[in-house]
Amino acid sequence: MSALFGDLVGKVAVVTGGARGLGFAMARALVGQGARVALVDVLPAVVDSAAELAAASGGDVVGIVADVTSPERVDAVFTEVGSRWDTPQVLVNAAGVAANAPAEDIEPEFWRRVMDVNVVGTLVPCQRFARGAFAAGRSGSIVNVSSMSAFVVNVPQRQATYNASKAAVDHLTRSLAVEWVGRGVRVNAIAPGYFLSDMTRSAIAEHPEWARQWLAGVPAGRMGEPDDLAGLVVYLASEASSYVVGASIVIDGGYSVV
């Protein structure tokens with residue numbers, strides 16, 4: 001995508017879940033606007049993903065392996081990024097896991113794992129980003145990745161745990177937005193519908209009948225591609241959206257409105 005938001009040139013961005021899928025696509029969009037981007041992921045492949053993006057774009061990109069649920073590791077990530085470039089001014093929280101299980105069979109361990117990755121793994125980077133911005137006297141923008149599942153109950157898969165976790169991310173976004181906007185940090189969320197991410201492709205391979213039902217409910221007539229998020233993430237990261245605060249913008253081809 002050609003550069004549209006000049007204020008992102010030279011800004012430092014951290015993208016969690018950046019090794020692949022939606023996180024990688026959003027990182028690529030930010031690099032395309034001239035941002036310097038740190039990809040963070042628990043997968044060691046994030047290092048290769050960063051090298052690939054740097055080579056393809058000519059931009060400044062680094063890959064860092066870290067568990068975003070660990071305050072110690074997240075602190076180390078932000079310290080490293082700050083030493084390499086500057087205090088991050090953009091954070092995109094795309095790390096997350098999908099999980100399906102009949103509600104009557106959900107075990108506490110299963111519930112806690114999904115909540116830990118999807119909710120704690122969003123909160124911890126938000127906290128560290130905000131503390132850094134406040135200390136440096138900088139403004140900043142956080143973009144959390146929620147889901148239309150925060151608003152609708154997806155079928156035919158059974159994913160009460162996932163739905164609840166994304167509803168938590170959505171309300172966490174609003175809560176942080178109200179607390180921090182007066183201190184210069186805006187917080188918003190993107191709520192994707194059915195996108196052809198790596199996780200979704202794996203689910204389709206195992207349950208092809210799911211994809212047929214999902215697609216039948218999308219007025220746009222197709223599922224989303226990761227690059228469909230590009231325009232929205234750079235808009236929310238930039239000063240062009242300076243009056244957008246605590247929003248959760250659904251991008252689902254119309255699925256949730258019919």
Side-chain angles (χ1 to χ4, degrees), residues 8 10-31 33-55 57 59-97 113-146 165 169 172-173 176 180 183-190 198 229 233-234 236-237:
L8 290 176
K11 282 191 175 178
V12 177
V14 173
V15 180
T16 73
R20 60 183 185 176
L22 303 187
F24 184 78
M26 289 187 284
R28 181 168 56 218
L30 291 166
V31 171
Q33 299 298 311
R36 294 171 286 180
V37 178
L39 306 183
V40 180
D41 207 295
V42 73
L43 299 174
V46 71
V47 175
D48 293 334
S49 297
E52 173 192 332
L53 181 53
S57 66
D60 290 331
V61 189
V62 64
I64 305 173
V65 180
D67 179 351
V68 293
T69 69
S70 166
E72 294 77 18
R73 283 297 299 132
V74 169
D75 185 64
V77 166
F78 277 80
T79 299
E80 178 179 342
V81 172
S83 297
R84 175 185 290 267
W85 291 320
D86 197 355
T87 301
Q89 295 130 294
V90 175
L91 170 64
V92 178
N93 281 308
V97 293
R113 175 178 176 270
V114 176
M115 290 293 175
D116 197 35
V117 176
N118 291 356
V119 186
V120 177
T122 297
L123 173 63
V124 170
C126 283
Q127 290 176 310
R128 182 58 179 82
F129 177 89
R131 286 197 294 266
F134 299 155
R138 296 281 186 83
S139 61
S141 176
I142 296 174
V143 182
N144 294 327
V145 178
S146 176
S165 75
V169 168
L172 174 64
T173 296
L176 298 181
W180 292 345
R183 302 177 72 183
V185 173
R186 289 187 302 114
V187 189
N188 291 289
I190 293 174
D198 294 318
L229 296 174
V233 72
V234 297
L236 290 176

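Owing to the predicted nature of the structure, the values given are computational and were not obtained by experimental measurement. Basis for what follows: all heavy atoms, side chains included, without hydrogens, waters or symmetry-related copies. We count residues from 1, following the sequence as given.
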Which pair of heavy atoms, one from [X] and one from [Y], lies closest together, and at what distance?
X	Y	result
Ala189	Ser146	CB-CB, 4.2 Å
Ala27	Val37	CB-CG1, 4.0 Å
Val92	Met26	CG1-CE, 4.0 Å
Gly23	Val15	O-CG1, 3.5 Å
Gly96	Val117	CA-CG1, 3.9 Å
Val81	Ala38	CG2-CB, 3.6 Å

I want to check something: taking the side chain as every heavy atom from C-beta on, are [X] and [Y] in contact at a cut-off of under 4.5 Å?
X	Y	answer
Val187	Trp180	yes
Val124	Gln127	yes
Phe24	Asp41	no
Val40	Phe78	no
Val234	Leu30	yes
Leu176	Ile142	no

Pairing residues for [X] by the side chain to side chain donor-acceptor pair (under 3.5 Å) criterion, not counting sequence neighbours:
X	answer
Arg28	Asp227
Arg131	none
Asp48	none
Asn144	Asn93, Thr173

>> Once side-chain contact (heavy atoms from CB on, under 4.5 Å) is applied, do any residues pair with Asp198, and if so which ones, sequence neighbours excluded?
In response: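 Asp198 satisfies side-chain contact (heavy atoms from CB on, under 4.5 Å) with Arg20 only.
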>> Checking Val65 now: which residues fulfil side-chain contact (heavy atoms from CB on, under 4.5 Å) with it, not counting sequence neighbours?
In response: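 With sequence neighbours excluded, Val65 shows a side-chain contact (heavy atoms from CB on, under 4.5 Å) to Val46, Val47, given in chain and number order.
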> Yes or no on side chain to side chain contact (heavy atoms under 4.5 Å, CB included) for Thr79 and Arg128, after CA distance, side-chain angles and deciding distance?
Replying inline: CA-CA 10 Å; Thr79 299; Arg128 182 58 179 82; 3.6 Å; yes
> After noting the C-alpha distance and the side-chain angles of Thr122 and Asn118, does the key distance pass the side chain to side chain contact (heavy atoms under 4.5 Å, CB included) rule?
Replying inline: CA-CA 6 Å; Thr122 297; Asn118 291 356; 5.8 Å; no
> Are the side chain of Thr16 and the backbone of Ala94 linked by a donor-acceptor contact shorter than 3.5 Å?
Replying inline: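 Confirmed, Thr16 side chain pairs with Ala94 backbone.
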>> I'd like to know if the side chain of Arg186 and the backbone of Ser141 have a donor-acceptor N/O pair within less than 3.5 Å.
In response: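 No.
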>> Could you walk me through whether Arg73 and Ile64 satisfy the side chain to side chain contact (heavy atoms under 4.5 Å, CB included) test, starting with their C-alpha distance in whole Å, then the side-chain angles of each, then the deciding distance to 0.1 Å, before giving a yes or no?
In response: CA-CA 10 Å; Arg73 283 297 299 132; Ile64 305 173; 4.1 Å; yes
> Passes salt bridge (Lys or Arg N to Asp or Glu O under 4.0 Å), Asp86 versus Arg138? Steps please.
Replying inline: CA-CA 11 Å; Asp86 197 355; Arg138 296 281 186 83; 3.0 Å; yes
>> To the closest 0.5 Å, what do you measure between CG (Leu172) and OG (Ser165)?
In response: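 These two atoms lie 11.5 Å from each other.
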>> What verdict does the side chain to side chain contact (heavy atoms under 4.5 Å, CB included) test give for Val143 and Asn188, after you've listed the backbone C-alpha separation in whole Å, the side-chain angles of each residue and the deciding distance to 0.1 Å?
In response: CA-CA 5 Å; Val143 182; Asn188 291 289; 5.6 Å; no
